[in-house]
Amino acid sequence: MIEFKHANKYFGDFQVLKDINLTINKGEVVVIIGPSGSGKSTLLRCINRLETISEGSLTVNGIEVNNKNTDVNKLRREIGMVFQHFYLYPHKTVLDNITLAPIKALGKSKEEAQKIAHAYLKKVGIPDKANSFPSQISGGQQQRVAIARGLAMHPEVMLFDEPTSALDPEMIGEVLDVMKSLAKEGMTMVVVTHEMGFAREVADRIIFIDKGQILEDADPAEFYKAPKEERAKLFLSRILNH
Amino acid sequence: MLDFTILTNNWDMYVEGFKNTLLTSLLALIGSFLFGTLLAVFRIAPIKSLNWIGTIYVEFFRNIPLLIIAFTLYAGFPTLGIELDGFQAGTIALIIYTSAFISEAVRAGILSVHKGQTEAARSSGLTYIETMRYVVLPQAIKIVIPPLGNQFINLVKNSSILSVIAAGELMYQADLISARTYVVFDVYIIVALFYLVITLPLSYGVNYLEKRLAKSN
């Protein structure tokens, strides 16, 4: 359902993505790993056009993401996104954070949107925080609200951009648990993360990317046992042995 | 000692002027806030032509005297067949002039809202305008209140310039009273007090809001 074909991206003279060929199927959980600055977040952000590819093609559900005739707002309704720093709206309650897009972008009634929001808050384990403001809840709770906010649009795919990197170690587990249960329900997920345990347990595929290139696209078990590329070996040894 | 018979003898004129100053300020405040915010959005919208319109407007009207705008509207427009009385021309001039300053303050406020807020809203499928309206502007407004308050105080004081186009506001009335009574000091000191009746509460209101917002952050 997501397909990159010979995609390149430049920031000025600097090439961030080099000849990306990647197909992600419906229901797959794909984890993207790689050193910082390798282009993994950029790759993810291209999928919902927060960044645009410079060359090549990228389709989501058969729709050309960068085509001028593509209604980007419509496309984005199908793609949920969770950010490293949550980006909840600080002036709105948890409930209003979740209902804003369903009401404005999907045209749902307030009652219906709130019903959905409550259901997802329950799902992410914080049904009692509906009327809190983001500043009143913990980082882990904020990130779970952000996930509920994405899910409330009933997207086809969820993108996660280092969802646990800004969290206290104690709170990482609660966020990963929510993501695991999502994966088990068959949600298509693309996850940029350094959480190797999560990758090993949940991912259908691991994509290793370095200097803008996909170096490995492998089954997690194989990847961890014996990465083919030297760079991937080095990366793994550094993050697994610290 | 101030001669308060000036005040009591000319009470009706002072009150008339006070009402007009208050009304023109209030109208210009609302008008310039709405128009200035629109201009601010123009200046940062992802559309080049709108950026240009916003920039040209702000740089032009911010850098010419208010008096010229007022005169042009009051004396120039009738030659085009558009008749405006002093009050109307003055209020519109104030809106045109103050909007340029408001726009800059609001723009700074919008730019200070984290980019991630826009990204989160846009990636959930909201349009640019919905993102501005429901996510960015409500956050920007908090940051913008102190500089806006200062602009509104300036606006009230600037309205005195409208006396030269017979807008009927405080300064105009004071000029009339002075011309009629040959008294200068007392007339203008009293009129200054009337201005303070409007600007001091504004000033304290802004300080209060500023403190409250600082706490809520």
Side-chain angles (χ1 to χ4, degrees), chain A residues 41 44-52 71-92 96-108 113 133-136 142-143 145-161 166, chain B residues 33-34 37-38 40-41 44-51 105-149 206 208-217:
Chain A
S41 281
L44 192 76
R45 289 161 59 87
C46 283
I47 298 173
N48 70 350
R49 214 165 99 178
L50 284 182
E51 305 284 353
T52 51
D71 180 348
V72 71
N73 297 317
K74 208 171 148 195
L75 178 85
R76 284 171 174 159
R77 287 179 217 154
E78 306 291 331
I79 308 173
M81 176 120 184
V82 174
F83 298 86
Q84 182 178 355
H85 296 286
F86 335 131
Y87 298 140
L88 295 185
Y89 313 131
H91 60 299
K92 289 184 178 293
D96 291 342
N97 261 276
I98 301 174
T99 58
L100 179 65
I103 292 172
K104 299 299 169 195
L106 297 179
K108 289 200 189 297
F133 282 90
S135 59
Q136 297 167 328
Q142 288 189 48
Q143 193 61 301
V145 172
I147 295 173
R149 181 173 68 176
L151 292 174
M153 294 293 286
H154 300 302
E156 297 267 332
V157 54
M158 287 285 287
L159 310 178
F160 293 84
D161 190 1
Chain B
F33 177 64
L34 294 176
T37 304
L38 182 73
V41 173
I44 56 162
I47 301 169
K48 276 263 152 49
S49 52
L50 290 185
N51 300 162
V106 172
R107 186 172 75 113
I110 292 173
L111 292 179
S112 69
V113 174
H114 197 284
K115 189 169 113 257
Q117 292 288 318
T118 306
E119 288 188 349
R122 291 306 306 275
S123 63
S124 72
L126 295 187
T127 62
Y128 179 78
I129 291 172
E130 286 167 342
T131 299
M132 275 293 153
R133 170 145 179 231
Y134 300 110
V135 176
V136 178
L137 288 177
Q139 295 182 58
I141 207 70
K142 278 189 175 185
I143 301 159
V144 165
I145 280 176
L148 276 193
V206 170
Y208 171 76
L209 276 175
E210 206 173 344
K211 279 196 194 113
R212 241 189 57 171
L213 292 174
K215 261 187 214 154
S216 79
N217 291 335

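Here is how names work: the chains are called A, B, and so on, in the same order as the sequence lines, proteins then strands, and each is numbered from 1. Source: prediction; values computed, not measured.
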Interatomic distance, [X] atom [atom1] to [Y] atom [atom2] [nearest 0.5 angstrom]:
{"X": "R149(A)", "Y": "S123(B)", "atom1": "CZ", "atom2": "OG", "value": "7.5 Å"}
{"X": "Y87(A)", "Y": "K115(B)", "atom1": "OH", "atom2": "NZ", "value": "7.0 Å"}
{"X": "T131(B)", "Y": "K104(A)", "atom1": "OG1", "atom2": "NZ", "value": "12.0 Å"}
{"X": "S124(B)", "Y": "L106(A)", "atom1": "OG", "atom2": "CG", "value": "9.0 Å"}

When the 4.5 angstrom heavy-atom criterion is applied to F83(A) and chain B, the contacting part is side chain
K74(A), part contacting chain B, at a heavy-atom distance under 4.5 Å | neither
Note: vs chain B, highest number of non-hydrogen pairs under 4.5 angstrom among I79(A), L159(A), L88(A) is L88(A)
Measuring heavy-atom distances to chain A, does E119(B) have an atom under 4.5 Å in its side chain, in its backbone, in both, or in neither?
-> both
Quick one: closest heavy-atom pair of H91(A) and Y134(B), and the distance?
-> NE2-O, 2.9 Å
Kindly give the heavy-atom pair with the smallest separation between L126(B) and N73(A), and that separation in Å.
-> O-OD1, 3.4 Å
Those residues that, when tested against Y128(B), pass side-chain contact (heavy atoms from CB on, under 4.5 Å) (two or more places apart) = V41(B), I44(B), A45(B), P46(B), R122(B), M132(B)
Which residues pass the side-chain contact (heavy atoms from CB on, under 4.5 Å) test with A166(A), sequence neighbours left out?
-> Q84(A), H85(A)
